[in-house]
Amino acid sequence: MPERKLLTSLVGFPLYHQVPASWFAHWEQMDKRAVAGTLVINGAYILTAMDLMVKKALAMDEPWDRLLVYEHDMFPPAEAITRIGQYDPDFDVVGSMYFSHEPPHFAFVYIEHENGETDPIAPDTVQKWCDDPMLYEVGSVGFGFTSIARHVLEKWDPSIPMFTQDNRLASHDLWFCKQAREQGFKVFVDSGIVCGHLSQFRAELSHNQQCADMIRPDCIRPFG
């Protein structure tokens, strides 16, 4: 059987003037076989940067299948972009497993309850999913290292902003995911892509697990 052709990712960097040397060295070591090209937005506020990134990506002549948003503090596995190239096209939005800088180091992976409230997934769910790496459908993901199928951007309802600041949702990425789901697209996390998140140190899966006892049962629930 012939090997399946990799889907290609246009890697978009929403940067702000400078990047850490350790991050750049990590990017240099990434497997780039499935990279169709790169797109740098420098020095713009994140909402403006994301809008510019999408407009420029869709205006490019070079073919690409997925837009990969790659922020300047993310340390994904070296094979992560190649892994993304193996997704079926109907995996519309796929985020990675990464964690907040501050204790209790929540995963930037969220579920939405019937009442509309949003919670990050609980540490026991994080560990369960990382032990069985695959794509899990969720409500929202952070955009630190997130892949968006081209058709999501091309078919987006032009009357709905892709990126805005909603006080109830707190961030542009959760807004995007919610609006995408309301338009019929699906959101996933790939628990096989576990990223370090750089600040004074790299927040990792181990930090999320070490803080599990800090999380009150009434403020976060397991899932799945």
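Positions are given from 1 along the sequence.
- Distance CD/Gln29 to CG/Asp31: 12.0 Å, rounded to 0.5 Å.
- How far NZ of Lys32 is from OG1 of Thr82: 10.0 Å, rounded to the nearest 0.5 Å.
- Side-chain contact between Val187 and Asp92 is absent, with no heavy-atom pair separated by less than 4.5 Å.
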Candidate pair Phe185 and His151, rule side chain to side chain contact (heavy atoms under 4.5 Å, CB included), full reasoning: CA-CA 10 Å; Phe185 302 114; His151 66 257; 4.0 Å; yes

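- Scanning both residues, Ser191 and Pro133, for their nearest heavy atoms gives OG-CA, 3.2 Å.
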Trace of the side chain to side chain contact (heavy atoms under 4.5 Å, CB included) decision for Val94 with Thr146: CA-CA 6 Å; Val94 184; Thr146 294; over 6 Å; no

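- For the pair Met162 and Met50, the minimum side-chain heavy-atom distance is 4.5 Å or more.
- Scanning all heavy atoms of the two residues, the minimum distance from His105 to His101 falls at CE1-O, 2.8 Å.
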Under 3.5 Å, which donor-acceptor pairs do the side chains of residues 15-23 form with other protein atoms, sequence neighbours left out?
from	atom 1	to	atom 2	distance (Å)
Trp23	NE1	Glu71	O	3.1
Trp23	NE1	Met74	O	3.4

Would you list the atom pairs, donor with acceptor, under 3.5 Å between side chains in residues 54-65 and any protein atom, with sequence neighbours excluded?
from	atom 1	to	atom 2	distance (Å)
Trp64	NE1	Ala57	O	3.1
Asp65	OD2	Thr8	N	2.7
Asp65	OD2	Thr8	OG1	3.1

Worked check of side chain to side chain contact (heavy atoms under 4.5 Å, CB included) between Cys130 and Leu205: CA-CA 9 Å; Cys130 288; Leu205 171 62; 4.1 Å; yes

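- Pairs engaging residues 15-27 under the salt bridge (charged side-chain N to carboxylate O under 4.0 Å, His left out) rule: none recorded [sequence neighbours left out].
- Partners of Gln127 under the side chain to side chain donor-acceptor pair (under 3.5 Å) rule, at least two apart in sequence or in another chain, are Asp131.
- Taking Ser96 as the reference, Tyr98, Phe145, Ile193, Cys195 meet the side-chain contact (heavy atoms from CB on, under 4.5 Å) condition, with sequence neighbours excluded.
- Minimum interatomic distance between Arg181 and Val138 (heavy atoms only, all atoms of both residues): CD-O, 4.0 Å.
- With sequence neighbours excluded, the residues forming a side-chain contact (heavy atoms from CB on, under 4.5 Å) with Asp157 are Ser159, Ile160, Gln183, listed by chain and number.
- In this view, Glu28 satisfies the salt bridge (Lys or Arg N to Asp or Glu O under 4.0 Å) rule with no residue, not counting sequence neighbours.
- Residues that satisfy the side chain to side chain donor-acceptor pair (under 3.5 Å) test with Asp132, not counting sequence neighbours, are absent from this structure.
- Heavy atoms only, all atoms of each residue included: Leu174 and Ser140 are closest at CD2-CB, 3.4 Å.
- Contact of the Ile111 side chain with the Thr118 side chain is not registered, since no non-hydrogen atoms from C-beta on lie closer than 4.5 Å.
- You'll find the side chain of His26 reaches within 4.5 Å of the side chain of Pro76, heavy atoms only.
- Residues Phe163 and Phe143 are in side-chain contact: their nearest non-hydrogen atoms beyond the backbone lie under 4.5 Å apart.
- Considering only residues two or more places apart in sequence or on other chains, Asn42 meets the side chain to side chain donor-acceptor pair (under 3.5 Å) condition with none of them.
- In this structure, CE in Met97 is found 12.5 Å from CZ in Phe108, a value given to the nearest 0.5 Å.
- In this structure Asp51 satisfies the side chain to side chain donor-acceptor pair (under 3.5 Å) test with no other residue, sequence neighbours excluded.
- Ring to ring, Phe176 and Trp156 are close: their centroids are under 6.0 angstrom apart.
- His197 and Phe99 have their aromatic ring centers separated by at least 6.0 angstrom.
- Looking at Gln209, its side chain does come within 3.5 Å of a backbone N or O of Pro123 through a donor-acceptor pair.
- Looking only at atom types and distance, the side chain of Ser147 has a donor-acceptor partner in the side chain of Arg66 under 3.5 Å away.
- Looking only at side-chain heavy atoms (C-beta outward), Asp119 and Tyr110 stay at 4.5 Å or farther from each other.
- Between Trp129 and Met134 there is no side-chain heavy-atom pair separated by less than 4.5 Å.
- Here the straight-line distance linking atom CG of Leu10 with atom CD1 of Ile148 works out to 11.0 Å at 0.5 Å rounding.
- Sorted by first and then second residue, the salt bridge (charged side-chain N to carboxylate O under 4.0 Å, His left out) pairs involving residues 72-87 (not counting sequence neighbours) are Arg83-Asp190.
- Side chains of Ile46 and His172 form a contact here, defined as non-hydrogen atoms less than 4.5 Å apart.
- In this structure Ala44 satisfies the side-chain contact (heavy atoms from CB on, under 4.5 Å) test together with Ile41, Thr48, Ala49, sequence neighbours excluded.
- From Ile84, atom CD1 reaches atom CG of Leu7 across 10.5 Å, with rounding to the nearest 0.5 Å.
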Working for side chain to side chain contact (heavy atoms under 4.5 Å, CB included), residues Ile81 and Val35: CA-CA 7 Å; Ile81 302 174; Val35 173; 3.9 Å; yes

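- Without hydrogens or angle criteria, Ser9 side chain to Leu68 main chain gives no donor-acceptor distance under 3.5 Å.
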